[in-house]
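Following: one structure in structure tokens, then a few remarks.
Residue numbers count from 1 along this sequence. All ligand and atom numbering here is 1-based and tracks the order in the structure.
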Amino acid sequence: MSRQKENAALAALDFVEDGMTLGLGSGSAAEIFVKKLGERVAGGLEVRGVPTSRATARCADENGVPLVNVDRISKIHVTIDGADEVDPMFSLIKGGGACLLREKIIANASDRMVVIVDNSKMVDHLGAFPLPIEVDPFGMTLTADQIYRVLKNTGCPDGQAVLRENADKSGPLITEGGHCILDCRCGKIPDPAETAHCLDRIPGIMEHGLFLNLASVVIVGEDDHARVMELSREQL
Ligand code: 5RP
């Protein structure tokens, strides 16, 4: 897997040019990319990164990638990030690493989003991976009920939400933005646009892990190469 992610990360460097401001995603694929980027920076490439999590910021620091404060930029040329699922239209499920709110803010503000994954993330339909939804802790039970109804009404066979815990089971995971994550078992999301549209109207939701019409490039790492797939602007 990591060999495949490494090949995807290497291919993503082709989308990076001198002088660019880069959105740096979170997760293992994104960290591999940041390490490779650090090697290019050491070789003279001039870029600056906007990290989507403290872990990515740390990784960038350790690998010599200069960072810029998100509130001091007016443009992000390319964001490079991983994903939990990718469908044939480049719709994504993200949030496995609990960074989806910041990842979506940065991806949405970018001219281009390049997604780097291994082959296991490519699916015909989104939904086998539980959909992460970042919610405000206040009124979370009410929010979970509304989410359940939306998922059912938009054709998802399941809809049960599980509150994500810290890895050491010490309590609910709190995101860097101070919210909780509900992992919603959908089974299958037949109409991601409709589900996203309905979720967008629930006030307790800070953001959901459906990333639609954001990725224009998906790079699938294989054992010995990477497949680069691109959607045109009209297809987005
Ligand atoms: C973090 C994410 C990650 O991009 C996603 O979970 C994929 O992670 P990895 O590259 O480790 O497989 O959305 O919130």
message: Set out, in order, the CA-CA distance, both residues' side-chain angles and the distance that settles side-chain contact (heavy atoms from CB on, under 4.5 Å) for F15 and M20, then state yes or no.
response: CA-CA 10 Å; F15 292 86; M20 279 186 164; over 6 Å; no
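- Connection of V70 to V68 is established within a shared hydrophobic cluster, with ILVMFWY side chains joined at heavy-atom distances below 4.5 Å, either directly or through further cluster members.
- Using modelled atom types, one side-chain atom of K94 and one backbone atom of G82 make a donor-acceptor pair closer than 3.5 Å.
- Among protein heavy atoms, atom 12 (O) of ligand 1 sits closest to K121 NZ, 2.6 Å.
- With hydrogens left out, the protein atom closest to atom 9 (P) of ligand 1 is S28 OG, 3.3 Å, a heavy atom.
- Residue contact check for ligand 1: E31 places no non-hydrogen atom closer than 4.0 Å to it.
- Salt bridge present: D183 and R164 bring a charged side-chain N and a carboxylate O closer than 4.0 Å.
- Of the possible polar contacts, none joining the D87 side chain to the V123 backbone as a donor-acceptor pair under 3.5 Å is found.
- Less than 4.0 angstrom separates some heavy atom of C99 from each of these atoms of ligand 1: 14 (O).
- With K75 contributing its side chain and D111 its backbone, the two residues share no donor-acceptor pair below 3.5 Å.
- Which parts of ligand 1 touch K5 is read off a 4.0 Å heavy-atom cut-off, strictly below it: atoms 9 (P), 10 (O), 11 (O), 12 (O).
- We find that K5 and E31 are not joined by a salt bridge, their nearest charged nitrogen and carboxylate oxygen being 4.0 Å or further apart.
- Considering only non-hydrogen atoms, atom 7 (C) of ligand 1 lies nearest to A83 out of A83, A29, G27, G96.
- Those atoms of ligand 1 that come under 4.0 Å of a heavy atom in G82, given as number and element, are 4 (O).
- For atom 3 (C) of ligand 1, the closest heavy atom belonging to the protein is S26 O, 3.3 Å.
- Contact annotation: for A98 versus ligand 1, heavy atoms closer than 4.0 Å belong to the backbone alone.
- The part of D81 lying near ligand 1 is the side chain, judged by heavy-atom distances below 4.0 Å.
- If you take CD1 on I202 and CD on Q146, they are separated by 5.5 Å, rounding to the nearest 0.5 Å.
- A heavy-atom separation below 4.0 Å is not found between A30 and ligand 1.
- Every atom of ligand 1 with a heavy atom of G95 under 4.0 Å away is listed here by number and element: 2 (C), 13 (O), 14 (O).
- Contact check on E62 versus K35 returns no salt bridge, with no Lys/Arg side-chain nitrogen under 4.0 Å from an Asp/Glu carboxylate oxygen.
- Looking only at protein heavy atoms, the nearest one to atom 5 (C) of ligand 1 is D84 OD1, 3.2 Å.
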